[in-house]
Amino acid sequence: TGRNDIKIFQDGVDPDSFNLPTKTKKSKNPTILFGVSNMKWMQNRDSTKLILEKYWPSIKKKYPDCQLYIVGRHAPAFYGDYQSADIIVTEADTEGGPKDPQYYYEYCWLLLAPMESGGGTRNKFLEGMTFGLPVITTPEGGMGNIEITNYKHAIVCPANEILKNVYNLVDNSSYRRNMGQMARNLIQSRYSFDRCVDGLNQIYEKIAKK
């Protein structure tokens, strides 16, 4: 904006997330996650529609045993009619149940989130990367303020390259695991709460001195 009266600090994740015991093993068959999201947010519904109408038919044709997980608040209300053996639609249990968000981040192979408009840092990206989940999104969705090296920590690509990158990650297990590990390392080193709070405290200190 060119204004010096607006300050930005980075969102982050709880550092305890890096020490949690594993809840589940990775799925044996290809599994794609959209979430964990609040489906009352229009951009999340638009993204889900893109996946279901534009990408999922081709993915399912190429990988017949693939499953799509649509997970988040109000997901069954909006997408319950899509529920099947191949498309799992569910709320995430945020009260420590057996299928809290961690379960889905650990179980799925990649997080697919094509977006058509921006909206700041995506918490689902931070959380997914924390648990070593490769993320694919579009420039419109971006990575918020998460400073990644593209194709190393995550993938930000045009809409017409989404399928190519999904296939590359599904077909290449070492590429997929390496990207997930690099993503986890990035979040742990630069985007945990303690690092983010430092930035916020600097803003408070400047305000207090005025």
Side-chain angles (χ1 to χ4, degrees), residues 10-14 16-17 20 22-24 26-27 29-60 63 66-146 154-156 159 162-163 166 180 183 187 191 193 196:
Q10 174 61 47
D11 199 359
V13 299
D14 187 339
D16 289 343
S17 299
L20 294 172
T22 301
K23 286 188 174 292
T24 185
K26 193 67 68 178
S27 170
N29 57 293
T31 39
I32 294 173
L33 172 67
F34 178 79
V36 174
S37 303
N38 186 340
M39 295 302 176
K40 284 193 173 181
W41 194 47
M42 180 182 66
Q43 285 89 339
N44 284 329
R45 297 200 305 276
D46 288 345
S47 185
T48 305
K49 182 179 179 181
L50 275 174
I51 294 171
L52 288 168
E53 296 182 358
K54 189 172 182 178
Y55 303 119
W56 176 244
S58 297
I59 294 170
K60 186 62 180 175
Y63 307 106
C66 188
Q67 290 180 307
L68 172 65
Y69 279 73
I70 301 172
V71 180
R73 294 183 63 190
H74 313 292
F78 286 101
Y79 301 104
D81 290 345
Y82 287 92
Q83 178 73 42
S84 68
D86 298 326
I87 301 177
I88 291 80
V89 181
T90 182
E91 295 255 4
D93 184 347
T94 57
E95 299 180 354
K99 293 190 177 181
D100 64 11
Q102 179 185 346
Y103 174 93
Y104 300 101
Y105 292 135
E106 291 178 342
Y107 185 75
C108 294
W109 285 24
L110 61 93
L111 193 162
L112 178 59
M115 296 283 181
E116 293 185 317
S117 61
T121 301
R122 311 289 187 184
N123 288 332
K124 57 178 166 286
F125 293 170
L126 285 168
E127 293 173 356
M129 293 167 73
T130 296
F131 292 100
L133 189 64
V135 174
I136 301 177
T137 188
T138 49
E140 293 81 3
M143 297 298 291
N145 294 327
I146 309 173
I155 297 174
V156 180
I162 288 283
L163 286 175
V166 168
I187 302 303
Y191 297 100
F193 280 162
C196 300

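Just so it is clear, the model here is predicted, and its values are computed rather than measured.
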Original post:
After noting the C-alpha distance and the side-chain angles of Asp100 and Lys23, does the key distance pass the side-chain contact (heavy atoms from CB on, under 4.5 Å) rule?
Top reply: CA-CA 9 Å; Asp100 64 11; Lys23 286 188 174 292; 3.0 Å; yes
Original post:
Can you check whether Met39 reaches Phe34 side chain to side chain, under 4.5 Å on heavy atoms?
Top reply: yes
Subject >> Nearest-0.5 Å distance, CG of residue Leu33 to CG of residue Leu111 >> reply: 4.5 Å
Subject >> Donor-acceptor contact present, side-chain Tyr55 to main-chain Ala159, <3.5 Å >> reply: yes
**OP:** Output every pair passing salt bridge (Lys or Arg N to Asp or Glu O under 4.0 Å) with a member in residues 80-90, not counting sequence neighbours, ordered by first then second residue.
**Re:** Lys60-Asp86
Original post:
When you look at Lys26 and Leu133, which way does the side-chain contact (heavy atoms from CB on, under 4.5 Å) test go after all the steps?
Top reply: CA-CA 10 Å; Lys26 193 67 68 178; Leu133 189 64; 4.3 Å; yes
Subject >> Derivation and outcome, side-chain contact (heavy atoms from CB on, under 4.5 Å), residues Val13 and Tyr191 >> reply: CA-CA 6 Å; Val13 299; Tyr191 297 100; 5.6 Å; no
Original post:
Do Asp46 and Met115 come close enough that some side-chain heavy atom pair is under 4.5 Å?
Top reply: no
Original post:
Taking side chain as C-beta onward, heavy atoms only, is Thr31 less than 4.5 Å from Trp109?
Top reply: yes
Original post:
How many angstroms lie between atom CD1 of Ile187 and atom CD1 of Ile146, to the nearest 0.5 angstrom?
Top reply: 5.0 Å
Original post:
Does some side-chain heavy atom of Phe78 sit less than 4.5 Å from a side-chain heavy atom of Lys40?
Top reply: yes
**OP:** Mind checking the CD1-CD1 spacing from Ile70 to Ile88? Nearest 0.5 Å is all I need.
**Re:** 9.0 Å
Original post:
Hey, what do you get for OG (Ser17) to OH (Tyr105), rounding to the nearest 0.5 Å?
Top reply: 10.0 Å
Original post:
Could you give the distance from CD1 (Ile59) to CD1 (Ile51), rounded to the nearest 0.5 Å?
Top reply: 8.0 Å
Original post:
With a 4.5 Å heavy-atom cut-off, do Lys54 and Ile162 have their side chains touching?
Top reply: no
Original post:
Between the side chain of Ser47 and the main-chain N/O of Gln43, is any donor-acceptor distance below 3.5 Å?
Top reply: no
Subject >> Polar side-chain atom of Thr24 near backbone of Tyr103 as donor-acceptor pair, under 3.5 Å >> reply: no
Original post:
Does Gln67 use its side chain to pair, donor to acceptor, with the backbone of Pro30 at less than 3.5 Å?
Top reply: no
**OP:** Taking the side chain as every heavy atom from C-beta outward, state whether Phe131 and Leu20 have any atom pair closer than 4.5 Å.
**Re:** yes
**OP:** Could you pull out all residues at least two apart from Lys49 that satisfy side-chain contact (heavy atoms from CB on, under 4.5 Å)?
**Re:** Glu53
Original post:
Do the side chains of Tyr79 and Leu52 get nearer than 4.5 Å, heavy atoms only?
Top reply: yes
Original post:
Do Pro134 and Ile155 come within less than 4.5 Å of each other through their side chains, counting heavy atoms only?
Top reply: no
Original post:
Looking at CG of Leu68 and CD1 of Ile32, how far apart are the two atoms once the value is rounded to the nearest 0.5 Å?
Top reply: 6.5 Å
